[in-house]
Amino acid sequence: MVQKLKVGTLISGGGTNLQAIIDACDQGRIDAQIVFTGSDVGGVKGLERAKKAGINTFVVDYARIIANCRQIRDLDSLLPKDFDPEEILGKQRLVDVEKNHEKALFFIKSRVIAERQLLDHIESYDMDLLVLAGFMRVLTPYFIDRINTSALGHRIMNIHPALLPAFPGTDGYGDTFRYGCKIGGCTVHFIDYGEDTGPIIGQKAFEIADEDTLEDVKEKGLQKEWELYPACIQKFAQSRKVISI
Ligand code: GAR
């Protein structure tokens with residue numbers, strides 16, 4: 001019997017990619033099952049989609065955690081005991097430490113405090129692969145190293161709304177459209193210590209007509225994402241196929 005790939009998912013919003021993955025699992029198009037859906041924002045439609053599909057959900061409220069970090073005097077008292085600031089600042093490629101050390105340190109520490117809460121949820125599940133499906137937070141090496149523990153290497157996948165390495169960041173379709181590109185696309189890649197810099201697993205492209213609006217570009221892009229993400233998860237499942245007798 002072929003064991004299904006156990007997939008954890010993180011979202012921040014509408015969850016149309018999550019829905020595409022749920023549907024692909026349900027219809028047997030991919031050898032995977034979703035074991036949880038976590039979100040950094042409460043009350044989003046993606047959480048409803050997960051619940052409707054019978055998937056366990058949780059919320060780690062990043063906005064509240066970061067606001068709390070700004071208030072508290074002794075931020076270090078909230079940090080996990082196994083956090084080594086020099087190690088994590090040295091590894092990460094998310095913020096410029098030289099430019100503003102204090103700001104960079106606050107950014108990393110506040111994210112690690114939130115990430116520890118994510119890990120507390122995630123570690124209660126048996127999971128082979130973590131899929132970021134519209135999760136709008138960067139992840140520090142503290143988190144990444146605690147997920148990529150297996151000898152098999154990368155275990156965190158992300159989908160980005162542009163043809164990387166062009167247009168990394170938070171608004172891939174907007175940046176593609178405003179640049180005047182005639183081809184747009186989406187990319188599924190593994191997460192590394194930079195922002196949208198990890199190894200590419202798959203890409204899909206689409207044409208942008210002169211009369212297309214930003215909304216048209218987003219719509220065309222999402223249609224491609226819904227095909228691409230399940231295909232990349234299946235590629236991962238095939239490469240890790242576990243046969244139990
Ligand atoms: C998607 O377009 C995805 O590529 C993008 O957010 C949207 C989520 O839509 N992700 C990022 O920008 C990650 N940096 P969805 O919630 O409907 O799946």
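Remember, it's 1-based here, ligands and their atoms both numbered in the order they're listed. Just so you know, these numbers come straight off a predicted model, no measurement behind them.
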Quiz item: Are a donor atom and an acceptor atom from the side chains of Arg111 and Tyr142 found within less than 3.5 Å of each other?
Solution: no
Self-check item: ring-ring contact (aromatic ring centres under 6.0 Å, His included) partners of Phe167, counting only residues at least two apart
Solution: Tyr179
Quiz prompt | Sequence-distant partners of Tyr125, ring-ring contact (aromatic ring centres under 6.0 Å, His included), two or more places apart | solution = Phe36
Quiz item: Under 3.5 Å, is there a donor-acceptor pair between the Glu219 and Gln223 side chains?
Solution: yes
Quiz item: Does the salt bridge (Lys or Arg N to Asp or Glu O under 4.0 Å) test come out yes or no for Asp128 and Lys4, once each step is laid out?
Solution: CA-CA 10 Å; Asp128 301 309; Lys4 286 188 178 175; over 6 Å; no
As a test of reading the model: which N/O atoms of the protein lie under 3.5 Å from N/O atoms of ligand 1, and at what distance?
| residue | atom | partner | partner atom | Å |
| --- | --- | --- | --- | --- |
| ligand 1 | 2 (O) | Glu225 | OE1 | 3.3 |
| ligand 1 | 2 (O) | Glu225 | OE2 | 2.9 |
| ligand 1 | 4 (O) | Glu225 | OE1 | 2.9 |
| ligand 1 | 4 (O) | Glu225 | OE2 | 3.1 |
| ligand 1 | 16 (O) | Gly15 | N | 2.8 |
| ligand 1 | 17 (O) | Thr16 | N | 2.9 |
| ligand 1 | 17 (O) | Thr16 | OG1 | 2.6 |
| ligand 1 | 18 (O) | Thr16 | N | 3.3 |
| ligand 1 | 18 (O) | Asn17 | N | 2.9 |
| ligand 1 | 18 (O) | Asn17 | ND2 | 3.0 |

Exercise. Run through the side-chain heavy atoms of Ile, Leu, Val, Met, Phe, Trp and Tyr, join any pair under 4.5 Å, and report what else lands in Trp226's cluster.
Key: Leu222
